[in-house]
Amino acid sequence: MLVALPAVLYLQGVPVFWLPFVFQDIRSGRRSGILTPRFGFAELVRNSPTYRRNIEDIGYYFAINDYLDVAVSMDWRSSARATIADPGWLRLNSQMRYHWLNRFMTGGFAVSRHALSTGSSNLQLSWNHSQDFSSTSRITSNLNYVTSTAVQRQTALNPVTALATIGSQVNYSKSLGPFAIAVGGARRQYPGRAQVD
């Protein structure tokens, strides 16, 4: 464990930020531990009376073994001076990843629950999976589903995410001598509207 105290950030020789201590696990390999939260300096010292605080990735990472891990986290946006277009919200996230070597299988599953201060909510499910049944047959899937595309669009901080479609695909392929069989399907949801293809 690396521990430094006190920790002072200098810019051009001027001290601009101070922490009582900083610690970091320096062992090699994956380790369980607290996730590094994402926030800006304005979250600590508000630089404008209209600024809305936003903090992401408050959570914990569990390295269960070399083939399975789980992460749980929380994101929060202040509802002070909220508007219809930008309400405050709380999002709870969980993600599990797996890599089963002797089954030639890898993937991950994620669940996110997004609750707005207006009472609207969104449940987002995501599952990606890839498995080789043999040297000639393989299945791949990337499934995504949201219960409210309006909430998904309204709370996206990245404009690309706000306009992106929510797509799912499943594909199975098998080789039979000189021939190949491929079967698949796709589903698509659109942000801000109920259309589904």
Side-chain angles (χ1 to χ4, degrees), residues 6-9 11 15-25 30-64 69-97 107-128 142-168 187-197:
V8 182
L9 172 66
L11 292 177
V16 295
F17 191 71
W18 174 86
L19 288 173
F21 62 90
V22 174
F23 62 92
Q24 179 68 41
D25 188 346
R30 299 186 317 155
R31 304 281 181 213
S32 298
I34 298 171
L35 295 175
T36 304
R38 290 186 293 166
F39 58 89
F41 183 71
E43 265 66 64
L44 302 173
V45 180
R46 191 167 59 184
N47 56 8
S48 166
T50 59
Y51 184 77
R52 307 270 305 284
R53 287 186 169 95
N54 191 59
I55 301 174
E56 298 178 342
D57 283 343
I58 300 170
Y60 200 83
Y61 171 77
F62 301 91
I64 297 169
D69 62 21
V70 175
V72 291
S73 64
M74 177 183 81
D75 304 332
W76 171 79
R77 183 165 175 82
S78 172
S79 59
R81 292 169 304 283
T83 63
I84 300 286
D86 185 15
W89 43 260
L90 175 70
R91 180 170 49 214
L92 303 174
N93 310 298
S94 63
Q95 180 184 21
M96 180 188 74
R97 296 182 304 174
F109 184 74
V111 178
S112 178
R113 172 88 163 79
H114 210 145
L116 276 59
S117 61
T118 58
S120 300
S121 65
N122 178 35
L123 179 66
Q124 181 177 355
L125 305 171
S126 178
W127 181 36
N128 64 72
N142 184 9
L143 307 174
N144 298 287
Y145 174 76
V146 297
T147 57
S148 175
T149 57
V151 171
Q152 177 89 3
R153 181 177 185 175
Q154 184 178 12
T155 57
L157 299 176
N158 184 343
V160 174
T161 305
L163 300 174
T165 58
I166 299 107
S168 298
R187 180 182 189 273
R188 191 175 303 275
Q189 289 178 278
Y190 294 89
R193 59 187 198 264
Q195 179 181 348
V196 175
D197 294 338

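Values below: every heavy atom of this structure, side chains too, minus hydrogens, waters and symmetry copies.
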Once rounded to the nearest 0.5 Å, what's the spacing between atom [atom1] of [X] and atom [atom2] of [Y]?
X	Y	atom1	atom2	result
Tyr61	Gln95	OH	CD	9.5 Å
Arg91	Leu116	CZ	CG	10.0 Å
Ser120	Trp89	OG	CH2	14.5 Å
Asn54	Ser78	CG	OG	9.5 Å
Thr36	Arg38	OG1	CZ	10.5 Å
Arg188	Gln195	CZ	CD	10.5 Å

Can you confirm whether more than 12 heavy atoms, excluding those of Ile34, are under 6.0 Å from its CD1 atom?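 Atom CD1 in Ile34 is not packed in, count stays at 12 or less.
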On a heavy-atom basis, which atom in [X] and which in [Y] lie closest, and how many Å separate them?
X	Y	result
Ser148	Asn122	N-OD1, 3.0 Å
Ser121	Thr147	O-OG1, 4.4 Å
Pro6	Trp18	CB-NE1, 3.3 Å
Leu35	Val72	CD1-O, 3.9 Å
Val196	Gln189	CG2-CG, 4.2 Å
Met74	Leu92	CG-CD2, 3.9 Å

So, do [X] and [Y] sit near enough that their side-chain heavy atoms are less than 4.5 Å apart?
X	Y	value
Trp127	Val111	no
Gln124	His114	no
Leu123	Val146	no

Hey, is the main chain of [Y] close enough, under 3.5 Å, to the side chain of [X] for a donor-acceptor pair?
X	Y	value
Arg52	Ala80	yes
Ser126	Asn144	no
Ser117	Gly88	yes

Option from Thr165, Thr149, Asp197 for which side-chain hydrogen bond (donor to acceptor under 3.5 Å, both in side chains) with Tyr190 holds: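 Going through Thr165, Thr149, Asp197 one by one, the side-chain hydrogen bond (donor to acceptor under 3.5 Å, both in side chains) with Tyr190 is satisfied by Asp197 alone.
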For Asp69, is there an ion pair with Arg97 - N to carboxylate O distance below 4.0 angstrom?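 Yes, this pair counts.
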Pair Arg187-Tyr145, side-chain donor/acceptor within less than 3.5 Å: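 No.
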Could you go step by step and tell me if Leu143 and Asn128 meet the side-chain contact (heavy atoms from CB on, under 4.5 Å) rule? CA-CA 6 Å; Leu143 307 174; Asn128 64 72; over 6 Å; no
